**Q** 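The structure under discussion is supplied below as structure tokens; questions concerning it will follow.
Indexing begins at 1, ligand by ligand and atom by atom, following the structure's order. Note that this is a predicted model, so its numbers are computed, not measured. Note: hydrogens, waters and symmetry copies are ignored here, and every other heavy atom, side chains too, is used.
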Amino acid sequence: MALVSLTDVTKSYPSPEKGGAPIVAVDSVSLEIEAGDVYGIIGYSGAGKSTLVRLINALEPTTSGTIEVGGREITAMPERELRGIRLEIGMIFQQFNLFNSKTVRANIAYPLQVAGASKAEITARVDELLAFVGLADKARSYPDQLSGGQKQRVGIARALATSPRLLLADEATSALDPETTQEVLELLKRVNREFGVTIVIITHEMDVIQSIATKVAVMDGGRVIESGDVFDVFSSP
Ligand code: ADP
Ligand code: ADP
């Protein structure tokens with residue numbers, strides 16, 4: 001069974017002009033992401049990638065179609081249940097989205113506090129995550145004392161805090177130089193291999209897909225115009 005399954009999903013926004021045609025950000029998308037996949041979604045800016053990720057994370061409702069996560073349909077789920085689903089999904093961002101007034105430790109602890117973990121549990125889990133991302137010596141630092149690569153490693157640790165099954169990465173390396181990009185991608189590969197976390201990685205960069213993804217969907221104008229194994233999709237004439 002697929003971990004994430006989209007069936008004929010459409011998301012449209014009202015036109016910015018009175019009486020204008022709606023903006024169809026995601027147009028009749030069907031795709032299946034299997035547990036354990038590193039699934040790339042590639043396309044130009046405006047293709048609908050970010051919208052698709054917000055729909056999977058249930059941050060916005062679909063206009064039509066259904067989305068299942070872990071076999072449960074999220075499209076009609078009440079907010080209270082969606083909160084449980086979101087604990088199973090971690091997310092990382094291009095601009096890291098860290099709390100600049102909190103230390104590295106406090107940033108990583110935050111989702112555990114929201115989930116109601118005990119102080120002892122939080123300390124143990126954060127220590128484990130700091131070691132995993134190689135930032136044990138930065139626990140007391142603040143985000144603006146860190147490099148871009150270090151900030152994204154904090155972002156990854158925070159996203160993993162509640163042990164999600166799925167990690168959504170939205171242009172997570174787009175603000176980083178090529179060398180740092182490779183380091184972050186290597187870390188994401190370890191997240192996939194060692195923890196069995198399924199990763200969905202959105203990018204406009206082919207290099208990122210080729211260095212990490214096993215499956216890929218190519219988006220254009222809100223539609224998935226091609227999908228399958230990375231090798232098959234990019235070797236076709
Ligand atoms: P991508 O992530 O591939 O760059 P987006 O999902 O951000 O694409 O955007 C797809 C299209 O939907 C774009 O035309 C964008 O302007 C539009 N769009 C995205 N979010 C909104 C929104 N909240 N309101 C109106 N239009 C939106
Ligand atoms: P990206 O495409 O790189 O994700 P954008 O600058 O397109 O970034 O979008 C950033 C935010 O602005 C998103 O949360 C998106 O929903 C919103 N957004 C994008 N396009 C529009 C739009 N045309 N109208 C309103 N909000 C939008």
**Q** Considering the heavy atoms of Tyr44, write down every atom of ligand 1 situated less than 4.0 Å from one of them.
**A**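 Near Tyr44, meaning under 4.0 Å from one of its heavy atoms, ligand 1 has 3 (O).
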**Q** Check whether the side chains of Glu121 and Ser118 place a donor and an acceptor atom closer than 3.5 Å, and report yes or no.
**A**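 Per modelled atom types, Glu121 and Ser118 side chains form a pair under 3.5 Å.
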**Q** Which atoms from ligand 1 have a heavy atom of Thr51 less than 4.0 Å away?
**A** 5 (P), 6 (O), 9 (O), 19 (C)
**Q** Where on Arg54 is there a heavy atom closer than 4.0 Å to ligand 1, on the side chain, on the backbone, on both, or on neither?
**A** side chain
**Q** Using 4.0 Å as the upper bound for N to carboxylate O, is an ion pair formed by Arg105 and Asp127?
**A**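 Yes.
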**Q** May I ask you to check if ligand 1 and Gly48 share an N or O to N or O distance below 3.5 Å?
**A**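 The answer is yes, given that Gly48 and ligand 1 share an N or O pair closer than 3.5 Å.
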**Q** Can a non-hydrogen atom of Gly43 be found less than 4.0 Å from any atom of ligand 1?
**A**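 No, Gly43 has no heavy atoms under 4.0 Å from ligand 1.
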**Q** For ligand 1, which atoms, with element, lie under 4.0 Å from some heavy atom of Ser45?
**A**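 Those atoms are 4 (O).
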**Q** Can a salt bridge be assigned to the pair Arg86 and Glu79 using a cut-off of 4.0 Å between side-chain N and carboxylate O?
**A** yes
**Q** Out of Pro14, Ser50, Pro22, whose heavy atom sits nearest atom 7 (O) of ligand 1?
**A**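 Residue with the shortest heavy-atom distance to the ligand atom: Ser50.
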**Q** Which pairs pass ring-ring contact (aromatic ring centres under 6.0 Å, His included) with one or both residues in residues 111-156, sequence neighbours excluded?
**A** Phe132-Phe195
**Q** List ligand 1 atoms under 4.0 Å from Ala47, heavy atoms only on the residue side.
**A**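 The list of qualifying atoms is 1 (P), 3 (O), 8 (O).
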**Q** Atom 13 (C) of ligand 1: which of Gly46, Ala25, Gly222 has the nearest heavy atom?
**A** Gly46
**Q** Between Asp229 and Phe231, is there a donor-acceptor pair closer than 3.5 Å when you use the side chain of the first and the backbone of the second?
**A**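 Checked: no pair found.
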**Q** Is there a donor-acceptor contact under 3.5 Å linking the side chains of Ser50 and Asp170?
**A**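 Yes, a side-chain donor-acceptor pair sits under 3.5 Å.
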**Q** Ignoring hydrogens and geometry beyond distance, is a side-chain donor-acceptor pair present between Ser5 and Glu32 at under 3.5 Å?
**A** yes
